[in-house]
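Each remark here refers to the structure printed beneath this line.
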2 protein chains.
Amino acid sequence: MAQIKNDAITRQEDDFAQWYTDVCRKAKLMDYASTKGFIVYLPDGYALWEGIKNYLDKRFKEEVKARNVYLPLIIPSSLFNKEKEHVEGFAPETLVATIGGGKKLEDPLVIRPTSEVLFSDLYRKILSSYRDLPLIYNQWCSVVRWEKTTRPFLRGAEFLWQEGHCLFASKEEAVNNVLQVLDIYDRLGKELLATPFLKGRKTEREKFAGAVDTFSIEALMPDGKALQAGTTHYLGQGFAEAFGISYQGKNNALEIPHQTSWGVSTRLIGALIMCHGDDNGLVLPPAIAPIQVAIVPIRASVSGVMETARSLEKTLSNLGVRTFLYDDESKTPGYKFAELEMKGIPLRLEIGPKDLEKGEVSLTIRFSSEKRTLPLSAIATSIPSLLQEIQTKMYERAEKYRDQHITEVNSLEELKEVLDRGGYALMAHDGEEETELKIKELTNGGTARCIKEDIREKGTLCPISGKEAKYLCYFAKAY
Amino acid sequence: MAQIKNDAITRQEDDFAQWYTDVCRKAKLMDYASTKGFIVYLPDGYALWEGIKNYLDKRFKEEVKARNVYLPLIIPSSLFNKEKEHVEGFAPETLVATIGGGKKLEDPLVIRPTSEVLFSDLYRKILSSYRDLPLIYNQWCSVVRWEKTTRPFLRGAEFLWQEGHCLFASKEEAVNNVLQVLDIYDRLGKELLATPFLKGRKTEREKFAGAVDTFSIEALMPDGKALQAGTTHYLGQGFAEAFGISYQGKNNALEIPHQTSWGVSTRLIGALIMCHGDDNGLVLPPAIAPIQVAIVPIRASVSGVMETARSLEKTLSNLGVRTFLYDDESKTPGYKFAELEMKGIPLRLEIGPKDLEKGEVSLTIRFSSEKRTLPLSAIATSIPSLLQEIQTKMYERAEKYRDQHITEVNSLEELKEVLDRGGYALMAHDGEEETELKIKELTNGGTARCIKEDIREKGTLCPISGKEAKYLCYFAKAY
């Protein structure tokens, strides 16, 4: 059967940004809300977030020993203004409530853009002794950032995320916490999203407002742009000092704890869409796909077809495969194929009279468009391992793409060329903000994504400033 | 060993309201936020909400075929004002944002107090054909209501909840949906919270702003007051008409769908605390308890004690029992007992040298204060069934209390007496708002909680108005 083309969406090579928006809409992942910049997470989009949430929540609890909490969605302005760098970073993009119960509020309320301030205020109250440490709290919520330009999942006025906020007695424990979580984020990419990340420390210029060190995971999109997909921050003692958080140490002296925060958001859905999608729509890796296998009966009225389709559905469901029997007879197989492709279902099984005669099913793999036939008797043994194989192959394909798009550069010219073409330029960097500003200007928007490694030997120079280089750093244009 | 008394909290009989607040704080379920009316859900409190969420989410998906979505946390004022009755009900208690990104907003944004308006706006856009129906969406989020007097979990400026919003082709399907969900709420009470509810339709005066019919579950608290613990609404076609929601029916004519909404909130945690708590603190039913069994080693340094405690912990965990080994040696057994009681852990196991000699453990049941000994060899067979037994007995005790506090009344005098004493008065009612206003005034706050049954035969009179009665109705003072 000929491949059904989804003419409904723009082709990637014609306009990648428009292709992205088309997929978000046509795969019914989201809809625009009536307020500019806000979106509705529709069931097929929200289910992806539920998959991410379930994966992370389990690992946060088991590995990081995090406990979930929920803090208010508003921050009094007076509190919000306490940590100077932090306020400067977030104040310009806040939504502020000024009326409550019909009356003007004395202390306007900032809708949380992030909750460092609220957690710091809480910790000030509940921390008293070294016995209370560590405090490893996480919350699942939405935050609001009044952004000028917004794109579904990638940048929005409101997005869903998790934010971990922790206190430790030592810097060592705190840094260990941010690296442990960074590793979980990285595994999420591989095991769930089949999306490879680069992970590393941010430069001084790119770190979080108020942090000592920020680490990030970065994904490379098919248009050659990097996407920051998650961050973890070692906040040092700055917030604790600004908010008066202290505790009685083992030797009775007053101590200041070391703080961390970390988060990923629905932005990961954007990374997932772009990393694997094609001109027929969304392509989901099996691990995250809400439906892994769709069964389409062909000529369902012929004796035996529906019975076999139902029995297949039952067999697969019993194996724990998330299966959908598409038995709506008002729709043609062609319509169903196009829809299943648009929604990115990893595997499609067709069963019709001819297949039945031969005792087999026809099978189409979404990500590779590969078609196979499979004996009915082999379904139970083959499908689960095939899903695993698809997951691995999707990851490998994306990893190969990423690795092919990392280029070592040693001059401004080379840097410009790589950043114009798309992908990462790996370059020695002096770590100066000034140098990064210059790079941004000269490359039309290129930024330091994350540090690959420190340079310990003397003598390596930053090709942009000519000064001694501190580290090897990945540069790219970014979302 | 003598019962350790938790002197830290007010006794119920001295001041029930203060007892409640003390338990919320001392069991570390919540803390007050710096903004009046807002609270922090601490790990032990949030875990209760996670238990409720997991229970309901599974049943909504499996039984109600609901799909989760997420809509914005703000409603433009212009949209909010569309459904008249609804606005009148909610407008006085809204929080309104007027500044975004440093600029005054043209259309101020109401922080959602509930999302009927947003769902209606969405449905207007996505519904086109009868084939799209039913639409059964649910969301887990927080809502804001600018309340004057607030109490932890019971009434707050912001609370966590789920809100289901659905569209159906027929009234019958819509009403079936609200009754089906009401039944799930009722089962949640029994199976998870060991809290019996009355369930039934609300009177005209008590129904939701904009609904045709509201149904509720009501729990009776030990102070004799009823607590509305959840509601489901048949909204009819009013919202659909106000928001222009319509679809093409089977015969091509334009049809208006029938709408429902339903929700429960963190208020259920308040019901749980009051229904079972005592002067030693919280008492959790095993099904919802984040920790079901706590093991306390006595004289842990004696050979064999810690090994046995650890092996017990492993045995129980492997059986799926949520077990906590309290092995912090800096705390005395007495301190641990008081803390475990305050936190309401259903079952405490003690293992010391003497128990070890006899090959047994000592066991204390939190809700009944009953003590038993159990051969070590019987742990695996006995503990899971004992937890089930505790769940059942806690429910039965609460059910008995409720049933003993339902009194049929036939006059204003009797009504007053029952409502002053506490509990439900079951009375014939004409259904008039005027009558309920009179009752509220004359009984110092008594309200119609829910309807037990319609009265079909003529001749029964409402004892308050003297008019023909429509139904038998439960009245009580309420939270």
Side-chain angles (χ1 to χ4, degrees), chain A residues 28 31-35 37-47 49-50 67-76 78-79 91-103 105 107-109 111 118 121-122 125-126 131 137 139-142 144 146-148 157-158 160 266 328 330, chain B residues 28 31-35 37-47 49-50 67-76 78-79 91-103 105 107-109 111 118 121-122 125-126 131 137 139-142 144 146-148 157-158 160 266 328 330:
Chain A
K28 297 191 178 172
D31 202 342
Y32 294 105
S34 52
T35 309
F38 288 82
I39 66 167
V40 171
Y41 295 79
L42 289 174
D44 287 335
Y46 193 79
W49 182 238
E50 285 186 304
R67 305 199 65 194
N68 283 338
V69 295
Y70 184 77
L71 272 59
L73 62 64
I74 46 84
I75 310 170
S78 54
L79 197 63
E93 51 182 51
T94 54
L95 176 67
V96 184
T98 57
I99 300 169
K103 287 184 187 154
L105 301 173
D107 194 359
L109 300 171
I111 312 302
L118 292 171
D121 191 45
L122 172 68
K125 289 196 284 179
I126 68 174
R131 287 194 189 85
Y137 288 178
Q139 83 176 357
W140 294 93
C141 64
S142 78
V144 171
W146 204 256
E147 304 270 5
K148 285 199 188 80
E158 180 187 14
L160 298 166
T266 33
D328 179 347
S330 74
Chain B
K28 297 191 177 171
D31 203 341
Y32 293 106
S34 52
T35 309
F38 288 82
I39 65 168
V40 171
Y41 295 79
L42 290 174
D44 286 336
Y46 193 79
W49 183 238
E50 286 185 303
R67 304 199 66 194
N68 284 339
V69 295
Y70 184 78
L71 273 59
L73 62 63
I74 46 83
I75 310 171
S78 53
L79 196 64
E93 51 183 52
T94 53
L95 176 67
V96 184
T98 58
I99 300 169
K103 288 184 188 155
L105 301 172
D107 195 358
L109 299 171
I111 312 301
L118 292 172
D121 191 46
L122 172 68
K125 289 196 283 179
I126 67 173
R131 287 193 188 88
Y137 288 179
Q139 84 176 355
W140 295 92
C141 64
S142 79
V144 171
W146 204 257
E147 305 270 4
K148 285 201 187 78
E158 181 187 14
L160 298 166
T266 32
D328 178 348
S330 74

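Chain letters run A, B, ... following the sequence lines, proteins first, then strands; residues in each count from 1. Worth knowing before you read on, the calculation uses all heavy atoms, side chains too, and leaves out hydrogens, waters and symmetry mates.
Using a 4.5 Å cut-off between heavy atoms, B/Glu50 contacts chain A through its side chain alone, with no backbone atom that close. For B/Thr94, the part sitting under 4.5 Å from any heavy atom of chain A is the backbone (N, CA, C, O) and nothing else. The part of A/Ile39 that comes within reach of chain B is its backbone (N, CA, C, O), which places non-hydrogen atoms under 4.5 angstrom from that chain. Only the side chain of B/Leu160 comes within contact range of chain A, with at least one heavy atom under 4.5 Å from a heavy atom of that chain. Looking at B/Leu122, only its side chain comes within 4.5 Å of chain A, counting heavy atoms on both sides. For A/Lys148, no part lies near chain B; criterion is any non-hydrogen pair under 4.5 Å. Heavy-atom distances place both the backbone and the side chain of B/Asp44 under 4.5 Å from chain A. Interface residue A/Ile111: only side-chain heavy atoms are found under 4.5 Å from chain B. Only the side chain of B/Leu79 comes within less than 4.5 Å of a heavy atom of chain A; its backbone N, CA, C and O stay farther away. For B/Pro72, the parts sitting under 4.5 Å from any heavy atom of chain A are the backbone and the side chain alike. With a 4.5 angstrom heavy-atom cutoff, B/Asn68 touches chain A via backbone and side-chain atoms both.
A/Asp107 places a side-chain N or O within 3.5 Å of a backbone atom of A/Ser78 that can act as its donor or acceptor partner.
Just one residue in the list B/Tyr46, B/Tyr41, B/Trp49 forms a side chain to side chain donor-acceptor pair (under 3.5 Å) with B/Thr266, and that residue is B/Tyr41.
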